[in-house]
Amino acid sequence: MISEQGKYPVIFLSMKGISSSNFEDALDKIMDKIISVYEDYSYILDKLDERSRKRYDAILDGNINRAQLESSLLFLTKLLYKYYNQKVILLIDEYDSPILSAVEKGYYTEMKDFLRAFYGDALKTNEYLQMGVLTGIIRVTQAGIFSDLNNFKSFTVLEEKYSTSFGLVEEEVKAMLAYYEIGYEMPRLQSACSRS
């Protein structure tokens, strides 16, 4: 709903590129992603109590253990909730990228256990969360990491009612081509799309 736009603080985390030959390197990459997200919100540091500030600084320095990494998204939602006095929306793009790499490289069990805690802490019974949105190619129910979560709604481009919500529809492509004065390219695009 448009009335909801701009109402909530939003955390955006992309898990794209979490591909490593071993679990430890994958965790390091996830840590780098979390540090980057925390850097985006470093303006809240002045409003934190001493204990929260120390924990925040430790995350920024990458000086935390696995359990603290697992709860880092939950911690940030709590801090943003307190700062804005408003629940938080958590957007996780390509949530399944680490899983796909782990399956391919042979450390699926370790990654599954980590992600179950990492995502679970942030998404399950998080009183500071308005809503969480996950995007990926593996259905949430098939990922094997969300067995203890509920209230999922799954949306896919394969459902006809959403087919115009993902990508571009023909009218949008025509409008863009017209804008750039290359409308004559439409037959070539249609031909290319019909081949794929």
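The structure presented is a predicted model; accordingly, all values stated were derived computationally and were not measured.
- Counting only distance, with no hydrogens or angles, the side chain of Lys87 and the backbone of Tyr8 share no donor-acceptor pair below 3.5 Å.
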*Can Phe114 and Phe23 be said to form a side chain to side chain contact (heavy atoms under 4.5 Å, CB included), step by step?*
CA-CA 10 Å; Phe114 171 79; Phe23 178 63; 3.9 Å; yes
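- In this structure, the separation between OG1 on Thr135 and CG on Asp93 is 3.5 Å, given to the nearest 0.5 Å.
- A donor-acceptor pair under 3.5 Å is formed between the side chain of Lys29 and the backbone N or O of Ser19.
- You'll find the side chain of Leu76 reaches within 4.5 Å of the side chain of Tyr56, heavy atoms only.
- Applying the 6.0 Å contact sphere to NZ of Lys78 captures no more than 12 heavy atoms from other residues, nucleotides or ligands.
- Of the inter-residue distances, the one linking Ile92 atom CD1 with Ile11 atom CD1 reads 9.0 Å to the nearest 0.5 angstrom.
- Closest of all the heavy-atom pairs between Ala26 and Tyr107 is CB-OH, 3.7 Å.
- Under the 4.5 Å side-chain contact rule for hydrophobic residues, Met15 and Ile35 share a cluster.
- Between Glu70 atom CD and Asp113 atom CG the span is 9.0 Å, to the nearest 0.5 Å.
- Ile30 is listed as a side-chain neighbour of Phe118, based on a closest heavy-atom distance under 4.5 Å.
- When all heavy atoms of Gly17 and Ser97 are compared, the closest pair comes out as N-OG, 3.8 Å.
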*Kindly determine whether Met31 and Leu69 satisfy side chain to side chain contact (heavy atoms under 4.5 Å, CB included), including the steps that lead there.*
CA-CA 7 Å; Met31 184 70 222; Leu69 180 58; 3.7 Å; yes
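- A distance of 11.5 Å separates NZ in Lys47 from CZ in Arg53, rounded to the nearest 0.5 Å.
- Atom OH of Tyr180 is surrounded by 12 or fewer heavy atoms from other residues, nucleotides or ligands within 6.0 Å.
- Scanning all heavy atoms of the two residues, the minimum distance from Lys105 to Ser21 falls at CB-O, 3.9 Å.
- Of the possible donor and acceptor atoms, one in the side chain of Ser101 sits under 3.5 Å from a partner among the backbone N and O of Ser20.
- Both Leu27 and Tyr119 are assigned to one and the same hydrophobic cluster, defined by single-linkage of ILVMFWY side chains at heavy-atom distances under 4.5 Å.
- Pro187 and Gly183 make their closest contact through CD-O, 4.3 Å (heavy atoms, listed as atom of the first residue, atom of the second, distance).
- In this structure, the side chains of Gln68 and Ile59 stay at 4.5 Å or more apart for every pair of heavy atoms.
- By the criterion of side-chain heavy atoms lying less than 4.5 angstrom apart, applied directly or through intervening Ile, Leu, Val, Met, Phe, Trp or Tyr residues, Leu123 is not grouped with Met131; the two fall into different hydrophobic clusters.
- One distance of note links NZ of Lys54 with CG of Asn63; it measures 13.0 Å at 0.5 Å rounding.
- Side-chain N or O atoms of Asp96 include none that pairs as donor or acceptor with a backbone N or O of Ile99 at under 3.5 Å.
- Cluster annotation: Tyr81 is not connected to Ile89 through the hydrophobic network of ILVMFWY side chains, with a link wherever side-chain heavy atoms come within less than 4.5 Å.
- Between Arg66 and Glu110, the closest heavy-atom pair is NH2-O, 4.0 Å.
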*Quick one: do Leu60 and Glu39 satisfy side chain to side chain contact (heavy atoms under 4.5 Å, CB included)? Show the steps, please.*
CA-CA 7 Å; Leu60 283 175; Glu39 287 171 345; 3.6 Å; yes
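- Separation of atoms CG (Leu79) and CG (Asp49) is listed at 8.5 Å; rounding is to 0.5 Å.
- In this structure, Tyr38 contributes its side chain and Ser72 its backbone to a donor-acceptor pair below 3.5 Å.
- Remark: the backbone N or O of Leu48 is not paired with any side-chain donor or acceptor of Lys82 at under 3.5 angstrom.
- Val88 and Phe12 fall into different hydrophobic clusters, where Ile, Leu, Val, Met, Phe, Trp and Tyr residues are linked whenever their side-chain heavy atoms come under 4.5 Å apart, directly or through other members.
- The shortest non-hydrogen separation linking Val37 to Tyr41 is O-CD1, 3.3 Å.
- Among Leu129, Asp121, Leu13, the one residue that satisfies the side-chain contact (heavy atoms from CB on, under 4.5 Å) test with Leu73 is Leu13.
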